[in-house]
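A short worksheet on the structure shown next.
Proteins come first, then strands; the chains are lettered A, B, ... in the order of their sequence lines, and each starts at number 1. As a basis for the values below, the full set of heavy atoms in this structure was taken, side chains included, without hydrogen atoms, waters or symmetry mates.
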Amino acid sequence: MRIEDVKTEQDVKEFLKDSPKFATAVYLVTYKMPYGKVCTYGRVAKLIGKPGASRAVANTLHNNPLFPVVPCWRVVKADGGFGGDPKAAAGRRGRVQSEGVRIRDGKVVMNSDVLY
DNA sequence: CCCGTGACCGACT
DNA sequence: CAGTCGGCCACGG
């Protein structure tokens with residue numbers, strides 16, 4: 001299964017059939033995130049029934065094998081900041097901003113409107 | 001099965 | 001409001 005052919009939720013599941021259960025759940029939730037919205041690592045953890053696993057979520061998204069099908073750039077830190085390698089972080093910030101999300105001091109302006 | 005590794009979080013100073 | 005601190009947890013070696 002090639003990444004170019006992944007176009008539906010089923011395709012995503014198929015592509016990740018050999019991945020750990022937790023990782024699959026993370027990518028699936030992220031896959032559903034709407035354009036122009038963002039979510040925090042902690043919230044994603046709760047959404048998949050693993051409250052407290054924010055770090056694990058981050059580790060997982062760091063190795064996103066389905067970029068850009070799975071919009072991992074829409075997942076940010078609790079304070080709206082972008083973690084990881086500064087270069088990559090800047091790239092994700094640019095994408096989020098291009099989707100119309102307001103950025104201030106390098107961080108997403110967190111509010112109920114942009115929060116998924 | 002223990003251990004180190006992080007794109008983290010919330011509480012507290 | 002900016003740091004610090006302890007706790008968290010899946011994953012791979």
Open item on the list: Per the ring-ring contact (aromatic ring centres under 6.0 Å, His included) rule, what does the pair list look like for residues 68-100 of chain A, sequence neighbours excluded?
Closed with: A:Phe67-A:Trp73

Task: Selection: residues 55-73 of chain A, any non-hydrogen atom under 4.0 Å of DNA chain C - done: A:Arg55, A:Ala56

Task: Donor-acceptor under 3.5 Å (A:Asp11 side chain, A:Lys7 main chain) - done: yes

- [ ] Under 4.0 Å from any heavy atom of chain A: name the first and the last nucleotide of DNA chain B that qualifies, 5' to 3'.
- [x] B:dG6 to B:dG10

Task: Close side-chain approach of A:Thr40 and A:Val75, heavy atoms under 4.5 Å - done: no

Task: Qualifying salt bridge (Lys or Arg N to Asp or Glu O under 4.0 Å) pairs with a residue from residues 43-65 of chain A, counting only residues at least two apart or across chains - done: none

Open item on the list: Between A:Tyr31 and A:Leu66, is there a side-chain heavy-atom distance shorter than 4.5 Å?
Closed with: no

Donor-acceptor pairs under 3.5 Å, side chain of residues 14-27 of chain A to any protein atom, not counting sequence neighbours: which ones?
{"from": "A:Thr24", "atom 1": "OG1", "to": "A:Pro20", "atom 2": "O", "distance (Å)": "3.0"}
{"from": "A:Tyr27", "atom 1": "OH", "to": "A:Thr60", "atom 2": "O", "distance (Å)": "2.6"}
{"from": "A:Tyr27", "atom 1": "OH", "to": "A:Asn63", "atom 2": "O", "distance (Å)": "3.4"}

- [ ] Could you check which residues of residues 79-116 of chain A get a heavy atom under 4.0 Å from DNA chain B? Sort them by number, please.
- [x] A:Gly83, A:Gly84, A:Arg92

TODO: Would you indicate whether the side-chain heavy atoms of A:Val109 and A:Val114 approach each other to under 4.5 Å?
DONE: no

- [ ] Evaluate the side-chain proximity of A:Met1 to A:Val6: yes if any heavy-atom separation is below 4.5 Å, no if none is.
- [x] yes

Open item on the list: Filter on ring-ring contact (aromatic ring centres under 6.0 Å, His included), then keep only pairs touching residues 94-116 of chain A, sequence neighbours left out; what's left?
Closed with: none

TODO: Indicate the atoms forming the closest heavy-atom contact of A:Ala45 with A:Ser54, along with that distance.
DONE: CB-N, 3.9 Å

TODO: Please find the earliest and latest nucleotides of DNA chain C, in the 5' to 3' direction, that have an atom within less than 4.0 Å of any heavy atom of chain A.
DONE: C:dG7 to C:dC11

Open item on the list: With salt bridge (Lys or Arg N to Asp or Glu O under 4.0 Å) as the rule and sequence neighbours excluded, what pairs involving residues 64-76 of chain A come up?
Closed with: A:Arg74-A:Glu99

Task: Under 4.5 Å side-chain linkage, directly or through intermediates, the cluster mates of A:Tyr35 - done: none

Task: Check: A:Asp113 main-chain N/O paired with A:Asn111 side-chain donor or acceptor under 3.5 Å - done: yes

- [ ] First locate atom SG of A:Cys72, then atom CG of A:Asn64, and finally report the distance between them rounded to the nearest 0.5 Å.
- [x] 4.5 Å

Residues 86-95 of chain A side chain polar contacts: donor-acceptor under 3.5 Å, at least two apart:
{"from": "A:Arg92", "atom 1": "NH1", "to": "A:Gly83", "atom 2": "O", "distance (Å)": "3.4"}
{"from": "A:Arg92", "atom 1": "NH2", "to": "A:Gly83", "atom 2": "O", "distance (Å)": "3.1"}

TODO: Mind listing the residues from residues 22-43 of chain A sitting with a heavy atom below 4.0 Å of DNA chain C? Number order is fine.
DONE: A:Phe22, A:Ala23

